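Report on the structure given below.
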Amino acid sequence: MKNQTKPMITPTRSITKETEALLNQQIILEGQASAYYLSMASWCETQGYDTSGQFLYHHSEEERMHMLKLFKYINTAGGHALQPEMTSIKHTFKSLREVFDLTLDHEIAVTKSINNLVDHCFKTKDFATFNFLQWFVSEQREEETIARRAVELFDLIGEEGVGLFMIDQEIGKLEAYAAKVTQSN
Ligand code: OFO
């Protein structure tokens with residue numbers, strides 16, 4: 001009887017350990033984004049911000065899809081994608097504005113991390129991973145645009161009277177807006 005613990009196939013590694021570790025770091029950020037936005041969506045729903053809630057549920061799904069893209073890439077390249085721990089999830093928020101301020105902060109952090117990864121791949125001549133990451137570069141541009149517009153709505157419309165209701169409605173239109181703007185660039 002052969003040793004059952006050995007894998008049937010030994011994958012050929014096409015990314016370095018360092019790149020694998022950086023990609024796993026990126027998985028953490030995408031997983032956090034998905035978890036944070038899910039928690040925010042739930043809070044919005046409990047507060048009557050239904051459109052923002054739907055927007056954030058959808059955004060949470062998208063972030064999970066980004067995380068899965070990285071899982072597939074790392075494992076196909078001979079590495080091991082790791083499910084990150086999810087701790088310190090914030091469940092309640094001071095206001096709708098705080099939700100979108102935090103969303104923008106997180107998107108900026110994700111963009112920085114993607115840029116560092118791209119820079120690392122270029123410097124180490126890992127052009128396959130560099131190429132794979134271009135999708136994330138474009139996606140971050142779009143997501144940062146959406147998050148910035150969301151935050152701007154609070155100053156543009158104002159939160160008094162029916163302001164918050166209107167902001168909630170406008171948030172539902174942001175994805176279509178950002179897709180149009182980034183495509184025309
Ligand atoms: Fe994964 O796109 Fe934003 O964070």
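Note that the structure is predicted; figures quoted are calculated from it, not measured.
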For this session: Look at Lys90 together with Glu98 and state whether they make a salt bridge at an N to O cut-off of under 4.0 Å.
Result: yes
For this session: Could you pull out the closest heavy-atom pair between Thr76 and Lys72, with the gap in Å?
Result: OG1-O, 2.6 Å
Exercise. If you measure from the Lys or Arg side-chain nitrogens to the Asp or Glu carboxylate oxygens, is any gap between Arg148 and Glu152 under 4.0 Å?
Worked result: no
Problem set entry | Chi angles and distances behind the side chain to side chain contact (heavy atoms under 4.5 Å, CB included) call for Leu117, Leu23 | CA-CA 8 Å; Leu117 245 172; Leu23 288 167; 4.0 Å; yes
Exercise. Using 30° and 60° as the class limits, which term best fits the ring planes of His66 and Trp135: parallel, tilted or perpendicular?
Worked result: perpendicular
For this session: For residues Ser60 and Leu38, report the shortest heavy-atom separation together with the two atoms involved.
Result: OG-CB, 3.5 Å
Problem set entry | Basic-acidic side-chain contact under 4.0 Å: Arg97, Asp155 | yes
Exercise. Below 4.5 Å, heavy atoms only, C-beta onward: do Ser42 and Tyr57 meet side chain to side chain?
Worked result: yes
Exercise. Are any of the side-chain heavy atoms of His59 and Glu107 separated by less than 4.5 Å?
Worked result: yes
Exercise. Quick check: does any side chain N or O of Thr145 sit under 3.5 Å from a backbone N or O of Arg141, one acting as donor and the other as acceptor?
Worked result: yes
Problem set entry | Point-to-point distance, once rounded to the nearest 0.5 Å, from NZ of Lys112 to CG of Asp119 | 14.5 Å
Exercise. Can you find a pair of side-chain heavy atoms, one from Leu56 and one from Val99, that are under 4.5 Å apart?
Worked result: yes
Exercise. Which heavy atom in Ala35 sits nearest to a heavy atom in Met86, and how many Å separate them?
Worked result: CB-SD, 4.0 Å
Problem set entry | Heavy-atom pair of closest approach, residues Gly158 and Ile167 | O-CD1, 3.8 Å
Problem set entry | Asn24 side-chain N/O to His80 backbone N/O, donor-acceptor pair under 3.5 Å | yes
For this session: Flag the pair Phe165 / Gln169 as yes when at least one side-chain heavy-atom distance between them is below 4.5 Å, and no otherwise.
Result: yes
Problem set entry | Lys69/Glu30 ion pair, N-O < 4.0 Å | no
Exercise. Atom CD1 of Ile27 and atom CG of Leu22: how far apart are they, to the nearest 0.5 Å?
Worked result: 12.0 Å
For this session: Starting from the C-alpha separation in whole Å, work towards a yes-or-no answer on side chain to side chain donor-acceptor pair (under 3.5 Å) for Thr111 and Gln140.
Result: CA-CA 6 Å; Thr111 301; Gln140 274 314 117; 3.0 Å; yes
Exercise. With hydrophobic residues grouped by side-chain heavy-atom distances under 4.5 Å, do Ile108 and Leu29 end up in a single group?
Worked result: no
Exercise. Would a 4.5 Å heavy-atom cut-off, applied to side chains only, mark Gln134 and Glu139 as touching?
Worked result: no
For this session: For the residue pair Phe132 and Ile15, establish whether any side-chain heavy-atom pair is separated by less than 4.5 Å.
Result: no
Seminar exercise, completed: dist Asp101:CG -> Ser95:OG (nearest 0.5 Å) comes out at 7.0 Å
Problem set entry | In one Ile/Leu/Val/Met/Phe/Trp/Tyr side-chain cluster, 4.5 Å: Tyr73, Leu68 | no
For this session: Would you confirm whether Glu20, through its side chain, and Ile74, through its main-chain N or O, come within 3.5 Å as a donor-acceptor pair?
Result: no
For this session: With side chain to side chain contact (heavy atoms under 4.5 Å, CB included) as the test, would you mind laying out the steps for Leu82 and Phe71 before giving the verdict?
Result: CA-CA 8 Å; Leu82 305 174; Phe71 264 72; over 6 Å; no
Exercise. What are the two closest non-hydrogen atoms of Asp50 and Glu45, and how far apart are they?
Worked result: OD1-O, 4.1 Å
For this session: Evaluate the ring planes of His106 and Tyr36, with Trp represented by its six-membered ring, and classify them as parallel (under 30°), tilted (30 to 60°) or perpendicular (over 60°).
Result: perpendicular
Exercise. Checking side chain to side chain contact (heavy atoms under 4.5 Å, CB included) for the pair Val110/Gln26: CA distance, chi angles, key distance, verdict?
Worked result: CA-CA 8 Å; Val110 172; Gln26 192 61 36; 3.7 Å; yes
Exercise. Should Ile28 and Tyr37 be regarded as members of a common hydrophobic cluster, given that ILVMFWY residues are connected when their side-chain heavy atoms come within less than 4.5 Å of each other, either directly or indirectly?
Worked result: no
Exercise. Which of these, Ile146, Leu104, Leu156, Asp105, sits in a side chain to side chain contact (heavy atoms under 4.5 Å, CB included) with Val151?
Worked result: Leu104
For this session: Measure the CG-CD distance between Leu174 and Glu142 for me, rounded to the nearest 0.5 Å.
Result: 11.0 Å
For this session: Begin with the C-alpha distance, continue with both residues' side-chain angles, and end with the deciding distance and a verdict on side chain to side chain contact (heavy atoms under 4.5 Å, CB included) for Met67 and Gln83.
Result: CA-CA 9 Å; Met67 183 176 78; Gln83 165 64 42; 4.3 Å; yes
Exercise. With side chains defined as the heavy atoms from C-beta onward, is the minimum distance between Leu133 and Thr129 less than 4.5 Å?
Worked result: yes
Problem set entry | Shared hydrophobic cluster for Leu164 and Met40 (ILVMFWY, side-chain gaps under 4.5 Å) | yes
Exercise. Would you call Lys173-Glu170 a salt bridge at under 4.0 Å N-O?
Worked result: yes
Exercise. Minimum heavy-atom separation for Ser52 to Cys44, with atom names?
Worked result: CB-SG, 4.0 Å
Exercise. Less than 4.5 Å apart, any side-chain heavy atom of Leu153 and any of Phe100?
Worked result: no
Problem set entry | CD1 on Ile171 to CD on Gln54, rounded to 0.5 Å | 13.0 Å
